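None of the values given here were measured: they were computed from a predicted structure.
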Amino acid sequence: MVNPRSSSHRLPRSRFLFPSSISGYVLILLAFASIVFLFSHRQIAEVDRSLPSEDSAALQEQLWGSSGYGYRPCVKPTRKYGVPPKSNHYLTVKSNGGLNQMRTGISDMVAVARLMNATLVIPQLDKRSFWQDTSTFSDIFDESHFIKALEGDLHIVRELPKEMELAPRARKHVTSWSGASYYEEMSRLWKDNQVIHVPKSDSRLANNDLPIDIQRLRCRAMYHALRFSNPIESLGKKLVDRLKEHGPYIALHLRYEKDMLAFTGCTLGLNDMESEELRIMRENTNHWKVKDINSTEQRMGGFCPLTPKEVGIFLNAMGYSSSTWIYIAAGEIYGGETYLSNLRSRFPNLVFKETLATREELKDFANHASQTAAIDYIISVESDVFVPSYTGNMARAVEGHRRFLGHRKTINPDRKGLVELFDMIDRGELEEDAKLSSLVTEMHKYRQGAPRKRYGPLPGSKGRDRFRTEESFYENPFPECICLANKH
Ligand SMILES: *[C@@H]1O[C@H](CO)[C@@H](O)[C@H](O)[C@H]1NC(C)=O
Ligand SMILES: *[C@@H]1O[C@H](CO)[C@@H](O)[C@H](O)[C@H]1NC(C)=O
């Protein structure tokens with residue numbers, strides 16, 4: 001539950017001196033008053049500079065602009081990369097997790113099959129996970145496109161050939177974050193087996209230190225080959241068009257869902273019954289290891305998803321006007337309208353897929369969490385601004401995809417810093433005014449998805465923890481798959 005990268009942001013705390021005489025007090029009071037006066041004037045002057053008038057081009061650029069910074073996708077293989085001969089070694093995979101864990105896992109398995117000179121069988125999707133979704137690969141993805149798009153990289157077949165069904169096979173639980181040499185070593189299993197089955201696909205491949213051609217293959221798989229199936233793509237596009245009719249829009253990944261709140265133990269603003277309900281859910285979910293959570297400490301550490309109200313204060317302070325259209329990419333918001341109403345009062349143009357699409361349009365997807373998540377994914381990647389209220393597989397995948405496509409603006413809230421400001425507002429020490437605006441804008445100057453190299457492991461982390469703390473390849477495929485326009 002520890003989020004290693006939530007940056008710390010502390011407000012300066014004032015110190016008080018204790019003078020020994022009354023005149024000393026008066027002098028200090030006078031001095032203090034004039035400092036406050038000067039300081040508040042400086043603040044206002046700065047605010048005037050950093051927040052230009054409502055519809056000026058500079059403000060519009062600050063809110064919505066992303067220039068691409070001269071970078072573009074680069075996924076072509078190097079000159080020495082060739083099509084491998086057809087292999088009669090088969091790799092079968094079961095992909096686990098939610099939609100985005102499956103997508104990254106499948107892209108990794110494409111790279112693994114290539115590393116092992118294997119023919120890849122279209123992965124099976126785990127149907128027992130939390131998502132309880134019966135969708136198959138071809139329900140979610142365009143299977144023919146997937147096979148064709150990777151023709152130059154490896155051979156992919158829809159099913160294990162009949163004659164392989166009785167062939168000797170190995171089942172291999174792969175160590176997480178393994179490198180190329182691990183998989184080359186694993187190729188020894190081909191001596192006695194014709195089929196290798198990998199029962200879990202999440203995080204099986206290292207983020208870093210892989211050959212450039214393997215890294216670019218991951219990008220081709222993730223961003224080109226894994227296109228969603230036609231019904232999903234076409235509804236996604238339709239909804240994007242509907243949103244764009246109103247101008248630029250924000251996609252808000254509002255992770256204010258029951259499972260997330262139970263997992264993180266964040267109960268700020270909830271009533272006792274709700275807190276208890278979440279605690280019981282956490283208690284009963286075996287694979288969530290941390291049971292005893294102090295909600296206050298969790299929140300102060302920046303480990304809680306922002307509440308809908310907090311998101312509203314944040315977006316207001318960033319300068320987005322109340323007429324802004326906001327698409328909420330999420331499952332069911334915990335507490336529903338009770339907790340949404342404050343956000344909605346700030347931003348009345350708040351829409352969900354259920355309000356944007358007709359019941360008829362949604363009916364084929366409704367009982368398939370992965371397919372509705374795919375629609376959210378499309379609308380989020382295509383948005384003018386993407387704001388995740390919490391980190392997670394979806395937030396990371398969307399952010400990475402947006403970086404890949406030209407560093408589209410993704411604003412990552414500094415939850416730890418923001419919570420301090422929110423608490424000051426609650427205590428009456430700060431108001432929702434221009435000063436808050438300038439503090440929040442300044443805090444997020446460098447959290448908007450501009451080009452940078454992927455972060456390495458956290459300093460001080462050891463052993464397998466090093467891998468765990470690295471930034472995910474798909475969160476930021478820079479520099480391997482993102483290059484300056486004039487380079488290759
Ligand atoms: C895969 O095949 C290539 C040549 O086609 C060969 O050089 C390489 O060693 C093979 N790799 C493995 C892991 O068998
Ligand atoms: C939770 O942490 C806060 C801040 O450290 C502390 O004041 C509070 O007493 C703790 N609550 C419980 C129930 O331990």
Problem set entry | Verdict with supporting geometry, Thr391 and Arg255, side chain to side chain contact (heavy atoms under 4.5 Å, CB included) | CA-CA 9 Å; Thr391 64; Arg255 262 316 241 137; over 6 Å; no
For this session: Let me see the working for Phe478 and Tyr71 under ring pair (Phe, Tyr, Trp, His ring centres under 6.0 Å), right down to the final yes or no.
Result: CA-CA 10 Å; Phe478 187 106; Tyr71 286 90; 5.4 Å; yes
Exercise. Do NZ/NE/NH1/NH2 and the carboxylate oxygens of Glu471 and Arg396 come within less than 4.0 Å?
Worked result: no
For this session: Could you tell me which non-hydrogen atom of Arg279 sits nearest to which non-hydrogen atom of Glu276, and how far apart they are?
Result: NH2-OE2, 2.9 Å
Exercise. Using 4.0 Å as the upper bound for N to carboxylate O, is an ion pair formed by Asp465 and Arg468?
Worked result: yes
Exercise. Going through the distances and angles, do Glu354 and Arg359 end up as a salt bridge (charged side-chain N to carboxylate O under 4.0 Å, His left out)?
Worked result: CA-CA 7 Å; Glu354 291 79 8; Arg359 194 170 300 206; over 6 Å; no
Exercise. What pairs meet the disulfide bond (SG atoms under 2.5 Å apart) rule with one or both residues in residues 157-263, with sequence neighbours excluded?
Worked result: Cys219-Cys481
Exercise. Taking the six-membered ring of Phe314, is NZ or CZ of Arg415 closer than 6.0 Å to its centre and within 45° of its axis?
Worked result: no
Exercise. So, are Glu185 and Arg188 salt-bridged, with charged N and O less than 4.0 Å apart?
Worked result: yes
Exercise. Donor-acceptor pair, Arg282 side chain versus Thr264 backbone, under 3.5 Å?
Worked result: no
For this session: State plainly whether the residues Glu470 and Arg454 are in salt-bridge range, i.e. N to O under 4.0 Å.
Result: no
Exercise. Do Glu399 and Arg402 sit within salt-bridge range, that is, some charged N less than 4.0 Å from a carboxylate O?
Worked result: no
Problem set entry | Asp414 and Lys416 ion-paired at < 4.0 Å | no
Exercise. Hey, would you say the Tyr320 and Trp64 ring centroids sit under 6.0 Å apart?
Worked result: yes
For this session: Pick out which of Val351, Leu243, Val385 makes a side-chain contact (heavy atoms from CB on, under 4.5 Å) with Tyr249.
Result: Leu243
Exercise. For the ring pair His253 and Tyr390, is the centre-to-centre distance below 6.0 Å?
Worked result: no
Exercise. Do the side-chain N and O atoms of Lys94 and Gln124 include a donor-acceptor pair separated by under 3.5 angstrom?
Worked result: no
Exercise. Can you check whether Phe146 and Phe141 have ring centres sitting under 6.0 Å from each other?
Worked result: no
Exercise. Would you call Glu480 and Lys453 a salt bridge, taking side-chain N to carboxylate O under 4.0 Å as the test?
Worked result: no
Exercise. Would Arg220 count as a cation-pi partner of Tyr81, with NZ or CZ less than 6.0 Å from the six-membered ring centre and within 45° of the ring normal?
Worked result: yes
Exercise. With ring centroids as reference points, do His401 and Tyr377 lie under 6.0 angstrom apart?
Worked result: yes
Exercise. Hey, is Asp133 close enough to Lys127 for a salt bridge, meaning N to O under 4.0 Å?
Worked result: no
Exercise. Going by an N to O cut-off under 4.0 Å, is there a salt bridge joining Arg218 and Asp108?
Worked result: yes
Exercise. Is there a donor-acceptor pair under 3.5 Å between the side chain of Thr372 and the backbone N or O of Ala366?
Worked result: no
Exercise. Does His145 offer a backbone N or O that forms a donor-acceptor pair with the side chain of Arg227 under 3.5 Å?
Worked result: no
For this session: Applying salt bridge (charged side-chain N to carboxylate O under 4.0 Å, His left out), run through Lys238 and Glu361 and close with a yes or a no.
Result: CA-CA 10 Å; Lys238 224 186 270 181; Glu361 285 170 325; 3.7 Å; yes
For this session: Can you sort out the partners of Arg466 under side-chain hydrogen bond (donor to acceptor under 3.5 Å, both in side chains), two or more places apart, ordered by chain and number?
Result: none
For this session: Please test Glu382 against Tyr327 for side-chain hydrogen bond (donor to acceptor under 3.5 Å, both in side chains), starting from the C-alpha separation and ending with a verdict.
Result: CA-CA 11 Å; Glu382 294 305 323; Tyr327 176 81; over 6 Å; no
Exercise. Can you find a heavy atom in the side chain of His407 that is under 4.5 Å from one in the side chain of Ile482?
Worked result: yes
For this session: Measure the shortest side-chain to side-chain distance between Lys309 and Tyr339 over non-hydrogen atoms and say whether it is less than 4.5 angstrom.
Result: no
Exercise. Quick one: do the Ser295 and Thr267 side chains pair a donor with an acceptor below 3.5 Å?
Worked result: yes
Exercise. Is there a donor-acceptor pair closer than 3.5 Å between any side-chain N or O of Asn393 and the backbone N or O of Gln101?
Worked result: no
Exercise. Any Lys/Arg nitrogen of Arg403 or Glu475 sitting under 4.0 Å from an Asp/Glu carboxylate oxygen of the other?
Worked result: no
Problem set entry | Candidate pair Leu150 and His155, rule side chain to side chain contact (heavy atoms under 4.5 Å, CB included), full reasoning | CA-CA 8 Å; Leu150 295 169; His155 297 280; over 6 Å; no
